[in-house]
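Accompanying notes for the structure given below.
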Amino acid sequence: MRSQIVAGNWKSNLTFQEAKTLIADLQDLKGSFPDDVKVALAAPFPYLGAFASEVKGMHLAAQNSSAHEMGAFTGEVHPEMLASLGVDHVIIGHSERRSFFNESNEVVADKVKRAVNAGLNVFFCCGELLEHREEEVHFDLVKEQIETGLFDLDETAMKQIVIAYEPVWAIGTGRTASSEQAQEMHAAIRSWIANEFSEACAENTSILYGGSCKPSNARELFAQKDVDGGLIGGASLSAKDFAAIIQSFA
Ligand code: PGA
């Protein structure tokens, strides 16, 4: 059985004090979270060590990790370092990393392998630009991201992978994919995983939707057969909205 997951991607937001307040507010609301929903918080790097003992009952995620082994790479943050702090998840291949920091599918694949080898669970992000959807090449584009990013892994390593489908035109724009558009892509992703690995692997892989997911649309999105939760940006900065999204499973 695959997990239902809601992950908050705080991106480059919040001072340390603001982040501590957000965690405290979420702790107050935690009693209302459904027991079977896994909740993860992707905080900025400098806060992770301090938060490892504060997130109790939730999971702590980083927003990126290095494609290189530990050593002479000034400024890099390596998955082994994250794991040693008690961080258990990392977001890799977010569209903002791909576009603003030129991360290619190949670099993303290296990061995934290294994070998996360090024992982290990976939120593997994929998704097309608006122009790809308009040109009707969005399935090809996402398939290529998945093939290059994940298909060198073995099936055991896939247990550490959560896929997040985030159409770039929906991220931070207020424009959400319709539940039909999300379901259609999630079903395609699951079929590619089944073909490459196995039906069981596809059935057990959680596929999250991300892109302007909020309390008003989460219920309909999460009700889709192949949508197993969400990767939430803007709405995860409000404890009330994030909690409402966590409560949005049927
Ligand atoms: P958004 O961001 O919810 O603000 O659209 C989602 C994401 O980038 O993960």
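The first residue of the sequence shown is numbered 1, and numbering continues consecutively from there. Whatever order the structure lists ligands and atoms in, that order sets their numbers, starting from 1.
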Margin query: Is the distance between the ring centroids of F197 and F151 under 6.0 Å?
Written below: yes

Counting from 1 in the order shown, the ligand 1 atoms closer than 4.0 Å to a non-hydrogen atom of G172 are 1 (P), 4 (O), 5 (O)

Here the atoms of ligand 1 under 4.0 Å from any heavy atom belonging to A170 are 5 (O)

Atoms of ligand 1 under 4.0 Å from any heavy atom of H94, numbered from 1 in the order shown, are 7 (C), 8 (O), 9 (O)

- Message: Closer than 4.0 angstrom, basic N to acidic O: yes or no for E103 and R98?
- Response: no

**Study point:** Pair F16 + F51: ring centers closer than 6.0 Å
**Key:** yes

Here the atoms of ligand 1 under 4.0 Å from any heavy atom belonging to E166 are 6 (C), 7 (C), 8 (O), 9 (O)

Short version for I171: what comes under 4.0 Å of ligand 1, heavy atoms counted, is both

Here the atoms of ligand 1 under 4.0 Å from any heavy atom belonging to N9 are 9 (O)

Within the 4.0 Å heavy-atom cut-off, what S95 brings close to ligand 1 is neither

query: Can you check whether E128 reaches W169 side chain to side chain, under 4.5 Å on heavy atoms?
result: yes

Note: ligand 1 atoms sitting under 4.0 Å from heavy atoms of G211 are 5 (O)

Within 6.0 angstrom of K30 NZ, more than 12 heavy atoms from elsewhere:
yes

closest protein heavy atom to atom 3 (O) of ligand 1 is G233 N, 2.9 Å

(message) Would you say CD of E80 has more than 12 non-hydrogen atoms from neighbouring residues, nucleotides or ligands within 6.0 angstrom?
(response) yes

For S236, is the nearest heavy atom under 4.0 Å from an atom of ligand 1? no

Taking only non-hydrogen atoms of K11 and a 4.0 Å limit, the atoms of ligand 1 in range are 2 (O), 7 (C), 8 (O)

Salt-bridge criterion met for D25 and K20 (N-O under 4.0 Å)
no

Rounded to the nearest 0.5 Å, the CD1 atom of I91 sits from the CZ atom of F123 at a distance of 7.0 Å

If you scan protein heavy atoms around atom 4 (O) of ligand 1, the nearest is G234 N, 2.8 Å

- [ ] Measure the distances from the heavy atoms of S212 to every atom of ligand 1 and state whether one is below 4.0 angstrom.
- [x] yes

Checklist entry - Taking atom CD of E199 as the centre, does the number of heavy atoms from other residues, nucleotides or ligands within less than 6.0 Å exceed 12? => result no

